[in-house]
Each structure stands twice: as C-alpha cells, then as structure tokens.
Trainee: 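Sending over a structure as structure tokens; questions will come in a sec.
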Amino acid sequence: MKNNLFKLKNIIKEFEDGTIALNNLNLEINDGVTVIIGPSGSGKSTILRLLNLLEKPSNGEVLYKDQLITDKDFKLNKYRQKVSMVFQNFNLFPHLTIIENLNLAQIDVLNKTQIEATNTSIKYLEAVGLFDKINNYPNQLSGGQKQRIAIARTLCMEPDVILFDEPTSALDPEMVKEVLLVMKDLAEKGLSMVIVTHEMTFAKKVADEVIVVDKGELIEKGSPNNIFNNPKNIRTSKFLEALTIDL
C-alpha cells in the first residue's frame, strides 16, 4: 500500500510575462518512484519546483504528507532537508574539492562535526562509485561524474524524497547511463523519488507510477505498463509516437 506524499490542489502557475505554466492542476504523488513525462514546455519542471517551493503557485495549495507547505508559517528550510532537489547543472562549488562540496551543508545545516560529515560523505561517494575523486575539484570531472557527485551530496543530507529535474539532459549521451544506473540503484533501495525525464526506457524500468502532463494539465497517470503500452489519452499516444523517429 502506497502512502501519499504530495497533493497539488487547484494549482495555477502564471509567470510575470503572462505564460500559464499550470492550469488548474490537481495531482497526488505517492511514495516510491514517480516519473513525470510530457512535451517540452508542458509544465513538468514547474511541478517539480512547486514541490520544493522554488516556485510558488499563483493559486492553489501544495501539501506534503497533508501539511500545507505554502502556508506562510511553514518551516521551509527544515522541509528542504527532507525533500531535496538535484538539478540539471550540478551546482557544485568550483573552488571546493569534492569532499568539501559534500561536507559543507552537513556542517552548516545539519550541525555535524567535520569527522561526522566526512564519514557520511565517504559512504555516499562509495555508493556512487566516485570515492577516488574525493580530493579532486569539479573541473577535473566529466559531466556524468559531476552529476553523480551532486546526487551523493544530496544523499548526504539523508532526505526522505529526492526531486530530479531532467538530471541527464545536460550530459553527453555516453555519460547518461552512469547517472541512470545510480538512480536505478537508489530506486531499488526504496528511496522515494520524483523524476522529470525524457529517458523513456529508464522510466519504464524504475517507475512505480508515470504522470503525463501537457499544456499545464494532467493528461493521465498510471503504471508504466499502462502508460507506455496502453495509453488511454490520445495526447499521450501522440507524445509517445513522436519520440519514435522512423526515417
């Protein structure tokens, strides 16, 4: 039995230029692995940013485990320790070594000692297969390695949920697999994740539930088998057909 994590109720998101990114969206996301797919500009990343309040809704409510996170008195910093985000562009500090990048928030936010933070960092560097890069700087790593380090840094905060915003979109094709394998391993270990991605083969393998959005609206949601093999909505079918290029 899955437990509910997030609820988005009557969400409208309008940007300053008048663009409607989300249009009266109602959505529930359970624990486990949820993958959000849809055409470019459909509102996928906006949903993810709302879940971490990097964007605030123009209208509507965002709840986490039935707590209203859009409430003005909600303790957002504490929340972001439990609901962390991995971005497309790594966000590593270039002037710090890898171990310093991983230790920083643990010491500043979680109030760990240097030794406690370092022990945790080593644990997760080993988990993503990059312990040998512990004293390197980010500019000495490939894109795929930087993204794996960004994932390790997030894991060091020991969150309940990780939000991934197209984590492989900035990578060269040969580096995509190494990042997806790390994420697949996290899924198999039972970590709850909400993932925006264009990697459909990955989505089929790891998702417990797939959500399809288009033009700021929920089109359908269901198991990977139902979405990819038996979609109910014609817009889902057209989106998936467009991914298959027949020359």
Side-chain angles (χ1 to χ4, degrees), residues 1-13 21-38 42-55 57 60-71 74-76 78-86 151 154-155 157-167 180 182-214 216-233 235-236 239-240:
M1 181 71 181
K2 292 290 183 182
N3 297 310
N4 180 258
L5 286 180
F6 300 101
K7 292 177 185 174
L8 286 81
K9 295 184 176 182
N10 305 316
I11 293 291
I12 295 173
K13 178 59 185 178
L22 298 172
N23 186 17
N24 200 34
L25 181 76
N26 288 279
L27 178 63
E28 293 192 6
I29 297 175
N30 295 325
D31 57 8
V33 181
T34 299
V35 174
I36 304 176
I37 65 172
S42 59
K44 304 184 299 296
S45 291
T46 302
I47 291 173
L48 214 61
R49 293 174 68 84
L50 283 171
L51 298 181
N52 210 25
L53 277 200
L54 293 171
E55 298 284 356
E61 297 177 340
V62 182
L63 294 95
Y64 174 69
K65 295 183 178 180
D66 292 324
Q67 287 186 290
L68 185 64
I69 73 170
T70 42
D71 186 88
F74 186 75
K75 292 180 171 56
L76 190 56
K78 288 280 187 186
Y79 170 72
R80 285 180 176 155
Q81 292 175 30
K82 293 299 179 185
V83 180
S84 296
M85 194 156 178
V86 174
I151 293 170
T154 298
L155 291 170
M157 304 302 285
E158 299 187 331
D160 295 332
V161 187
I162 300 182
L163 312 175
F164 289 89
D165 187 11
E166 300 197 32
L180 295 182
V182 169
M183 294 172 65
K184 182 172 180 284
D185 183 59
L186 295 177
E188 290 170 350
K189 290 177 178 174
L191 181 67
S192 288
M193 299 185 282
V194 184
I195 305 166
V196 170
T197 185
H198 290 290
E199 304 290 342
M200 297 302 149
T201 301
F202 171 74
K204 291 176 190 177
K205 287 184 177 179
V206 305
D208 296 304
E209 188 164 60
V210 178
I211 291 168
V212 188
V213 293
D214 186 23
E217 299 174 349
L218 173 65
I219 302 305
E220 64 179 302
K221 61 186 290 194
S223 69
N225 182 56
N226 287 341
I227 295 297
F228 291 107
N229 298 327
N230 189 32
K232 295 177 181 177
N233 191 297
R235 287 158 76 181
T236 302
F239 167 67
L240 294 173

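For this chain, numbers begin at 1 and follow the sequence in order. What you see below is based on every heavy atom in this structure, not just the backbone, and it leaves out hydrogens, waters and symmetry mates. In this text the structure is predicted, and so the values were computed from the model without any measurement.
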Trainee: Drop me the distance from Met157's CE to Lys82's NZ, to the nearest 0.5 angstrom.
Mentor: 9.5 Å
Trainee: Under a 3.5 Å cutoff, is there a donor and acceptor pairing between the side chains of Asp165 and Ser45?
Mentor: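 Short answer, yes.
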Trainee: Leu53 and Phe74: side chain to side chain contact (heavy atoms under 4.5 Å, CB included), yes or no, with the steps?
Mentor: CA-CA 11 Å; Leu53 277 200; Phe74 186 75; 5.5 Å; no
Trainee: Would you indicate whether Lys221, at its atom NZ, is surrounded by more than 12 heavy atoms from other residues, nucleotides or ligands within a distance under 6.0 Å?
Mentor: yes
Trainee: Below 4.5 Å, heavy atoms only, C-beta onward: do Leu51 and Leu8 meet side chain to side chain?
Mentor: yes
Trainee: What is the distance from atom CD1 of Ile195 to atom CD1 of Ile36, rounded to the nearest 0.5 Å?
Mentor: 9.5 Å
Trainee: Pair Glu61, Lys7 - check side chain to side chain contact (heavy atoms under 4.5 Å, CB included), show working.
Mentor: CA-CA 8 Å; Glu61 297 177 340; Lys7 292 177 185 174; over 6 Å; no
Trainee: Can you tell me how far CD of Glu55 sits from NZ of Lys13, rounded to the nearest 0.5 angstrom?
Mentor: 4.5 Å
Trainee: Under the side chain to side chain contact (heavy atoms under 4.5 Å, CB included) rule, what do Glu166 and Lys44 come out as? Steps first, then yes or no, please.
Mentor: CA-CA 10 Å; Glu166 300 197 32; Lys44 304 184 299 296; 4.1 Å; yes
Trainee: How long is the gap from CG on Asn26 to NZ on Lys9, to the nearest 0.5 Å?
Mentor: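 Going from CG on Asn26 over to NZ on Lys9, the span is 9.0 Å.
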Trainee: Looking at OG1 of Thr70 and CG of Leu63, how far apart are the two atoms once the value is rounded to the nearest 0.5 Å?
Mentor: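 One gets 6.5 Å once the value is rounded to the nearest 0.5 Å.
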Trainee: Test side chain to side chain contact (heavy atoms under 4.5 Å, CB included) on Leu155 and Leu191 and set out the steps.
Mentor: CA-CA 10 Å; Leu155 291 170; Leu191 181 67; 4.0 Å; yes
Trainee: Indicate the atoms forming the closest heavy-atom contact of Pro57 with Ile11, along with that distance.
Mentor: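 The pair with the smallest heavy-atom distance is CB-CD1, 3.8 Å.
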Trainee: Between Ile47 and Leu22, which heavy-atom pair has the shortest distance, and what is it?
Mentor: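 So the minimum-distance heavy-atom pair works out to CG1-CD2, 3.8 Å.
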Trainee: Give every donor-acceptor pair under 3.5 Å between a side-chain atom in residues 197-210 and any protein atom, sequence neighbours left out.
Mentor:
residue	atom	partner	partner atom	Å
Thr197	OG1	Glu199	N	2.9
Glu199	OE2	Thr168	OG1	3.4
Asp208	OD2	Val33	N	2.7

Trainee: So Tyr64 and Phe6, would you call those rings parallel, tilted or perpendicular, with 30° and 60° as cut-offs?
Mentor: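 Rings of Tyr64 and Phe6: tilted, as their planes differ by 30° to 60°.
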Trainee: Shortest non-hydrogen contact from Ile12 to Asn24?
Mentor: CG1-N, 3.6 Å
Trainee: Mark yes or no for whether Asn233, through its side chain, and Arg235, through its backbone, hold a donor-acceptor pair below 3.5 Å.
Mentor: yes
Trainee: Return yes if some donor-acceptor pair links the side-chain N/O of Asp31 with the main-chain N/O of Ser192 below 3.5 Å, else return no.
Mentor: no
